[in-house]
Amino acid sequence: SAVAFTLRLGHQIQPRLVTVGKYDGKHPSLTCGTTGGKIFVHNPHRSRQTHAEITFLSINKKVSCLAAHRLDSKRSCDQLVVGTPTDLLVYDVEANTDIMFKDTPDGVYSLTTGVIGDQTTPLVFAGGRCSITGYDIAGNDCFWTVTGDNVCSLALADPDDDARTELVVGSEDFDLRIFKEDGEMTAELSQTEAVTSLCRLNGRRFAYTLASGTVGVYDGTKRLWSSKMKNQAVVVAAFTPANCAEPLVVTGWADGGLDIRDCSTGDVLFRDNFSSSIAGIVQSDYRLDGCLTLIVCAVDGEVRGYQAEGTQTTPGVPVVETRSKDRDETVLRRLAQQKQDLSAQFTNLAAAVAAQEARMRTQKDNAGASTGGGGGGVATADAVLIDTDISAHPDNAEEGEGPHVKIVFRARQEGIQIRAAFTRTECVDGGCVVTHPLPEAVGSELTQRLYVNKQQSSTVVVALLLGSPTATQYLVKELTLSLPRFVLFAPETVGGDDIPAGIVSFPLAGVALEKAIAWINTQFLLPQPVTEFKACFRSVQTSHVLAISRENGKAVVRTDSMEYAGDVVQSLCEALGVSDCNSTAEFPLEFAALADVLEKVEAFHSAKQQLSAEMADNSSLIKSLVVRAEDARIMGDVKSMRDAYLQLRDINRDLVTGYAKRCSNHTELLACLKELNQLIQRAGRLRVGRHKTAVVAGCRTAIKENNVAAMLQLFRNGAE
């Protein structure tokens, strides 16, 4: 890649508020969000005699996201889409007019635009608090669904390679979800942190970044690669130069770093650095020379354009780094690392063999394996047998331990000590746990605690340091363990008083009974495998009881947590290969919470309208008082002028108080809407396939009609 141009715009750029669009249908314009609720548009192709190179748009609200797309088929130009915490705006930059304005109670915190599924009309997908809405150019909501938490990022891709795009959603609950055009969720991919950025690559592939500093690529629902850095990734984008067969993954970092990676392997092909954090990355033929340019913006207003080697048109611009050279250096680094590892392993093996021979000469009667490490005995780590024991434990306030999974490692051979355990897994914060006991506590047994942050199946890769008590060099033995999805549920025996009131049931055919029993044995930690579809557990996190059984040909799940019940339904149906499943449910506590939330939402909406009306009345009164005070001043009537300004002071005080009330009301309304959306999502997860989609769509209709009874009916019996 080569630097094609550098600009210093002289205005700060807010992170993730960068896009590019052809607002006149011909010339690309860089559009960025800046401070003070403003947006500036940089168009270097306009005549400087008649137009300024940078123009400003005042939104007068906090801008949360930006996008540019041709949404109106009757127009030949792109429209600017602006999202704020309270509304969505589609703006014609060239004509300086609003095309669409939409009030969004859930807010707009992420945006993407395009066509989904078989539709031909492009939509604006706005991600808010636990919900995603798709609007057309007329403001009609043509798509709506809910997620488990606030939406952080959106992208349109085709993960199933069916030539119909789906919506990929990243949220704060550490999940990537994929939705079809009818709102049906086809996949749910658990992550270790919130998904902060998404972009489509090609075919089935899309790239993502996490709040923990991870960047990676998925091919469909399979992760191709991921790489974790020390810094936070701000944005990820795709760059497809003319001389590349597949797009490159471009990542901007909070420390000002920029890297370009191979889409298939994650190898770094190019690096550069800015003096401040990266704000956004887009691609466009910005110089209108026929060459696609990668445009990178920093928060201090610096903008650099990069072009691939071979497409460079400006003479005298140096090439920063070539792709082939980077690949060769990557291969050399890998080979050098392998050489170093093999050399160290050979040295350890030679020392162990020499120690073994010396020991056997002095102890001819020793026929078995003895101690290893630098002290001699075992030649390889594979010769050491390790037993593992996995169990879940609740919160222990006295010892300062939260709910956790305990893994106990035991060495079978005498004289072998486990000095340390290095564990890599996605189910814990940070992705890594190191346990290194004090010297006096070292022995043949080592206990490690994993504070699992989410219900998900996960793989645990453990590296154990093994050696004798006098060893100075240690063997490294790697183990791969599998944690079941419901690892945080411990087996429990409950009495009649502890049986949960919440229940969900769905058909379970006899032919699937064996698979269902196998599912219990593989998805829970059990002292002994069960032989019937009946088990009882208690969550070590929340102490909720979870009872599973088969009654009258139906699978019955009893628990007071609708979230846990939904997890069981989704996991069991996936194991049985069930694509469509309806259920009947009764959760008294959460159904009562639903009615309470709906009542609060209605009350907050009424309060909002009343406060807005009062503000409008006070604004009109202020205008008349200002005119009256000015007239009194001109006429020399000081008393009337003073009275008018005193009234203005009182009304202004009322406006300030009203503003504080509106802010408080709005905050509480957003919290209630978030809780409502989460309840709808949990109710949907009690069903599978089209029944789940129908429940979510029916709840949307019931909310519009303010029909509480219809929502409760959907929660209880689902929808056909």
Side-chain angles (χ1 to χ4, degrees), residues 147-149 151-162 165-180 185-239 246-251 253 259-269 330 334 423-433 450 452-462 478 480-485 487 570-571 574:
T147 61
D149 210 329
V151 179
C152 302
S153 52
L154 296 170
L156 288 168
D158 188 15
D160 55 2
D161 201 20
D162 61 351
T165 55
E166 287 84 34
L167 183 65
V168 185
V169 181
S171 54
E172 290 183 357
D173 61 350
F174 305 175
D175 273 336
L176 267 172
R177 297 179 176 89
I178 301 174
F179 294 93
K180 286 189 173 294
M185 185 175 67
T186 60
E188 189 173 18
L189 310 173
S190 295
Q191 310 300 319
T192 59
E193 262 290 352
V195 184
T196 56
S197 182
L198 288 166
C199 78
R200 182 178 184 175
L201 297 175
N202 63 344
R204 297 159 47 92
R205 297 181 179 180
F206 61 91
Y208 70 97
T209 61
L210 304 181
S212 59
T214 299
V215 57
V217 168
Y218 271 94
D219 186 352
T221 56
K222 177 184 177 182
R223 184 185 289 124
L224 277 184
W225 58 266
S226 64
S227 176
K228 185 175 180 180
M229 309 294 286
K230 294 181 180 180
N231 299 297
Q232 185 177 5
V234 178
V235 64
V236 65
F239 179 45
E246 59 184 19
L248 306 175
V249 180
V250 188
T251 313
W253 302 88
D259 59 50
I260 301 178
R261 298 172 183 263
D262 186 278
C263 174
S264 301
T265 63
D267 294 339
V268 178
L269 308 175
T330 301
R334 286 182 176 177
T423 300
R424 301 191 308 275
T425 178
E426 292 186 350
C427 66
V428 299
D429 294 335
C432 181
V433 177
L450 302 181
V452 178
N453 54 23
K454 195 172 184 183
Q455 301 278 10
Q456 64 179 37
S457 300
S458 55
T459 300
V460 178
V461 180
V462 184
E478 287 195 356
T480 301
L481 308 175
S482 295
L483 295 184
R485 178 169 183 173
V487 67
Q570 296 295 317
S571 179
E574 181 182 356

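As the structure is a computational prediction, the values presented were derived from the model and not from experiment. The first residue of the sequence shown is numbered 1, and numbering continues consecutively from there.
- Scanning for ring-ring contact (aromatic ring centres under 6.0 Å, His included) contacts around Y218 gives F206, Y208, with sequence neighbours left out.
- When the side chain to side chain contact (heavy atoms under 4.5 Å, CB included) test is applied to A237, the partners found at least two apart in sequence or on another chain are I281.
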Handout entry: Pair L483-L450, side-chain contact (heavy atoms from CB on, under 4.5 Å): steps then yes or no
Key = CA-CA 11 Å; L483 295 184; L450 302 181; 4.3 Å; yes
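- Every residue two or more places apart in sequence or in another chain that forms a side chain to side chain contact (heavy atoms under 4.5 Å, CB included) with S153 is listed here: V195, L198.
- In this view, T459 and V461, T480 satisfy the side chain to side chain contact (heavy atoms under 4.5 Å, CB included) rule, not counting sequence neighbours.
- Remark: T214 pairs with S212 by the side-chain hydrogen bond (donor to acceptor under 3.5 Å, both in side chains) rule, at least two apart or across chains.
- Note that CG of D267 is 6.0 Å distant from CG of D262, once rounded to the nearest 0.5 Å.
- For T425, the side chain to side chain contact (heavy atoms under 4.5 Å, CB included) partners at least two apart in sequence or on another chain are T423, C427, V428, S458, V460.
- Proximity of V215 to R261: side-chain heavy atoms (C-beta onward) are separated by under 4.5 Å at one or more points.
- For D161, there are no salt bridge (charged side-chain N to carboxylate O under 4.0 Å, His left out) partners at least two apart in sequence or on another chain.
- Note: C199 SG to F239 CZ = 13.0 Å, rounded to the nearest 0.5 Å.
- R200 meets the side-chain hydrogen bond (donor to acceptor under 3.5 Å, both in side chains) test with no other residue; sequence neighbours excluded.
- Under the 4.5 Å side-chain criterion, counting only non-hydrogen atoms from C-beta, E193 is in contact with F174.
- The main-chain N or O of Q456 is never found under 3.5 Å from a side-chain atom of R485 such that the two would form a donor-acceptor pair.
- Judged by distance alone, with hydrogens and angles left aside, the side-chain atoms of W225 form a donor-acceptor pair with the main-chain N or O of C263 at under 3.5 Å.
- Note: N231 CG to T251 OG1 = 12.0 Å, rounded to the nearest 0.5 Å.
- Residues satisfying the salt bridge (charged side-chain N to carboxylate O under 4.0 Å, His left out) criterion with R177, sequence neighbours excluded, are D173, D175, E188.
- Without hydrogens or angle criteria, T209 side chain to S197 main chain gives a donor-acceptor distance under 3.5 Å.
- Note that OG1 of T186 and CG of L167 are 10.0 Å apart. Values are rounded to the nearest 0.5 Å.
- Taking 4.5 Å as the limit, some side-chain heavy atom of E166 sits within range of a side-chain heavy atom of D158.
- Put simply, the side chain of T147 does not reach to within 4.5 Å of the side chain of M185, judged on heavy atoms.
- E426 meets the side-chain hydrogen bond (donor to acceptor under 3.5 Å, both in side chains) test with R223; sequence neighbours excluded.
- In this structure, D160 and I178 have side chains that are not in contact, with every pair of non-hydrogen atoms separated by 4.5 Å or more.
- The side-chain hydrogen bond (donor to acceptor under 3.5 Å, both in side chains) check on N202 picks up nothing, with sequence neighbours excluded.
- Counting only heavy atoms from C-beta outward, the side chains of K228 and T192 never approach each other to under 4.5 Å.
- Side-chain contact between L201 and E246: absent, with no pair of heavy atoms (C-beta onward) separated by less than 4.5 Å.
- Under the salt bridge (charged side-chain N to carboxylate O under 4.0 Å, His left out) criterion, R424 pairs with no residue, sequence neighbours left out.
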